[in-house]
Protein chains: 2
Amino acid sequence: MKRTPPAKTSKAPPPTDRRRAHGASTRREILDAARRIAAADGLEALSIGRLATEVGMSKAGLFAHFGSKESLQIATIDSAWDVYRSEVLEPTTASPPGAPQLRAYMEHYFEYVQRHAMDGGCFFTAASSEFDDRTGPVRDRVFKSTAERSAFLDNVLHDAVAAGHLPKNTDVAQMSFEIMALVTGTNLLFQLYKDPQIFQRARRTLRAMPPPKRSSKGAAD
Amino acid sequence: MKRTPPAKTSKAPPPTDRRRAHGASTRREILDAARRIAAADGLEALSIGRLATEVGMSKAGLFAHFGSKESLQIATIDSAWDVYRSEVLEPTTASPPGAPQLRAYMEHYFEYVQRHAMDGGCFFTAASSEFDDRTGPVRDRVFKSTAERSAFLDNVLHDAVAAGHLPKNTDVAQMSFEIMALVTGTNLLFQLYKDPQIFQRARRTLRAMPPPKRSSKGAAD
DNA sequence: CCTACCGATCGGTAGG
DNA sequence: CCTACCGATCGGTAGG
């Protein structure tokens with residue numbers, strides 16, 4: 001199965017002059033701080049004043065980079081997606097397709113969660129929980145990121161079936177749900193308990209997970 | 001908690017018990033609104049002014065009931081726990097111990113999530129996600145509620161082993177983790193997609209879940 | 001990218 | 001339980 005690499009979302013204009021280059025690096029510095037604040041305290045707690053203080057510039061100066069709080073929130077999600085792609089998705093696709101990629105996906109995700117443990121763990125789990133009952137562009141951007149995470153996992157599982165690592169009649173959608181629920185629950189429980197044994201438990205769950213079958217009784221239940 | 005007596009009015013004061021009964025019903029009304037706000041938008045978005053407007057009283061009047069925002073947040077969690085206990089835990093214990101209680105637990109939890117779907121779903125998942133990186137009494141209260149939820153599930157599983165519904169060498173702690181992760185992930189995915197099929201998938205996962213064994217290779221991995 | 005400012009809202013207090 | 005108020009902070013704007 002063909003997998004298109006996820007598109008880049010953060011804008012990186014070619015530095016045509018020194019001022020543009022400086023603007024881009026300032027923007028990067030702002031978004032690095034924005035990700036930490038948003039992941040730790042939420043996208044709504046990401047205030048322009050607090051962010052300006054943290055990067056050492058004026059509120060109005062920072063505001064000019066984004067034009068609205070909503071745009072800042074969306075730019076922050078885009079930036080978090082770049083991090084997720086480079087720390088989880090790209091390392092996973094470096095493994096052989098099939099079962100190795102499935103195991104790699106989980107390992108890279110857990111490393112990502114631990115690496116950012118002090119900043120709220122998985123950015124997208126936190127953002128989903130915060131915005132799941134709202135409407136608007138920020139919620140839509142959060143939703144899209146979860147949909148893309150699911151689609152990536154679907155592809156990994158399809159490849160595992162194609163490679164003969166999972167039975168031909170594996171219910172990929174069901175198994176994808178089970179793994180998404182497992183890693184999401186693992187992230188939340190780790191954030192609360194901060195006990196790495198939780199990752200060991202999750203690995204064990206994946207290893208013992210029976211591949212769900214298509215057109216089984218369960219589907220008609 | 002110390003409560004300052006309200007000032008006398010010009011008319012004859014009502015009997016003490018009636019006044020206290022009124023205070024208690026006002027408090028209930030406040031906490032009903034507080035739960036909805038906190039579950040939908042977060043415990044931090046639960047502002048005293050907004051809550052006062054919603055229940056139709058002054059900020060200062062409402063504030064007097066709690067003394068601080070932190071106390072209001074904790075009272076709101078306590079109130080949410082009462083709801084969880086009466087809607088999930090108590091109905092579960094009405095089923096026969098063992099496997100029936102395990103299935104009942106999941107069903108009552110999913111009904112609880114659906115009943116409160118417009119208010120953020122599971123109060124405790126949302127609160128955990130919001131407060132997992134903080135310190136202080138509110139975080140501690142949230143942590144306690146998750147610990148109590150886990151302990152309840154542990155007990156249900158122990159009973160299932162004792163009743164012979166699960167093998168004697170079942171690793172209860174592992175299985176408890178797997179079910180907590182499953183229901184937590186289910187809640188989060190349902191909040192995002194609002195698709196009840198997700199509950200069907202979770203039921204199927206529980207039915208097919210192999211009971212993890214104690215002192216298996218996984219534990220030493 | 002800055003200073004200076006706007007109206008709204010925050011948690012909380014004084015005083016009754 | 002109220003009115004009236006406090007300093008701080010919010011998102012955002014004017015004008016340079």
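To find a chain, count down the sequence lines: A is the first, B the second, and so on, and within it residues start at 1. Every value quoted in this text rests on a predicted model; they were computed, and no experiment measured them.
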Visitor: Take the angle between the ring planes of A/Y105 and A/F152 and call it parallel below 30°, perpendicular above 60°, tilted in between.
Guide: tilted
Visitor: What is the distance from CD of B/E70 to C1' of C/dG11, rounded to the nearest Å?
Guide: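 Interatomic distance, CD of B/E70 to C1' of C/dG11: 12 Å.
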Visitor: Yes or no on side chain to side chain contact (heavy atoms under 4.5 Å, CB included) for A/T184 and B/T184, after CA distance, side-chain angles and deciding distance?
Guide: CA-CA 8 Å; A/T184 299; B/T184 299; 5.6 Å; no
Visitor: For A/L51 and D/dG12, give me the distance from atom CG to atom C1', rounded to whole Å.
Guide: 15 Å
Visitor: With salt bridge (charged side-chain N to carboxylate O under 4.0 Å, His left out) as the rule and sequence neighbours excluded, what pairs involving residues 186-198 of chain B come up?
Guide: A/D133-B/K194
Visitor: If only atom types and distance count, is the side chain of A/S79 paired as donor or acceptor with the main-chain N or O of A/A75 below 3.5 Å?
Guide: no
Visitor: Rounding to a whole Å, what distance do you find between B/I30:CD1 and D/dC1:C1'?
Guide: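 It is 10 Å, rounded to the nearest whole Å.
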Visitor: Extract from the structure each pairing of a protein N or O with an N or O of nucleotides 3-10 of chain D at less than 3.5 Å, listing the distance.
Guide:
unit_1 : atom_1 : unit_2 : atom_2 : d
D/dC10 : OP1    : A/S47  : OG     : 2.6

Visitor: Are a donor atom and an acceptor atom from the side chains of B/S129 and A/Q191 found within less than 3.5 Å of each other?
Guide: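 No, A/Q191 and B/S129 have no side-chain donor paired with an acceptor closer than 3.5 Å.
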Visitor: From CG of A/L62 over to P of D/dG12, roughly how many Å is that when rounded to an integer?
Guide: 12 Å
Visitor: For the pair made of NE2 in A/H65 and P in D/dG12, what is the distance, rounded to whole Å?
Guide: 16 Å
Visitor: Is a donor on one side and an acceptor on the other found under 3.5 Å between the side chain of B/Q174 and the backbone of A/R201?
Guide: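 Answer holds: yes.
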Visitor: Between A/T26 and C/dC1, is there a contact of a side-chain N or O with OP1 or OP2 at under 4.0 Å?
Guide: yes
Visitor: Are side-chain heavy atoms of A/F123 and A/Y84 found at a separation under 4.5 Å?
Guide: no
Visitor: Does a side-chain heavy-atom distance below 4.5 Å link B/L89 with B/R149?
Guide: no
Visitor: Report for the helix from C/dC1-D/dG16 to C/dG16-D/dC1: angle between first-end and last-end helix axes, five pairs each, rounded to 10 degrees.
Guide: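 The two end axes of the helix from C/dC1-D/dG16 to C/dG16-D/dC1 meet at 0°.
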Visitor: Rounded to whole angstrom units, what separation is found between the CG atom of A/L43 and the C1' atom of D/dG11?
Guide: 16 Å
Visitor: Classify the ring geometry between A/F199 and A/F190 as parallel (under 30°), tilted (30 to 60°) or perpendicular (over 60°).
Guide: tilted
Visitor: Rounded off to whole Å, could you give me the CD-to-P distance for the A/Q73 and D/dG11 pair?
Guide: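 Spelled out: CD on A/Q73 to P on D/dG11 is 9 Å.
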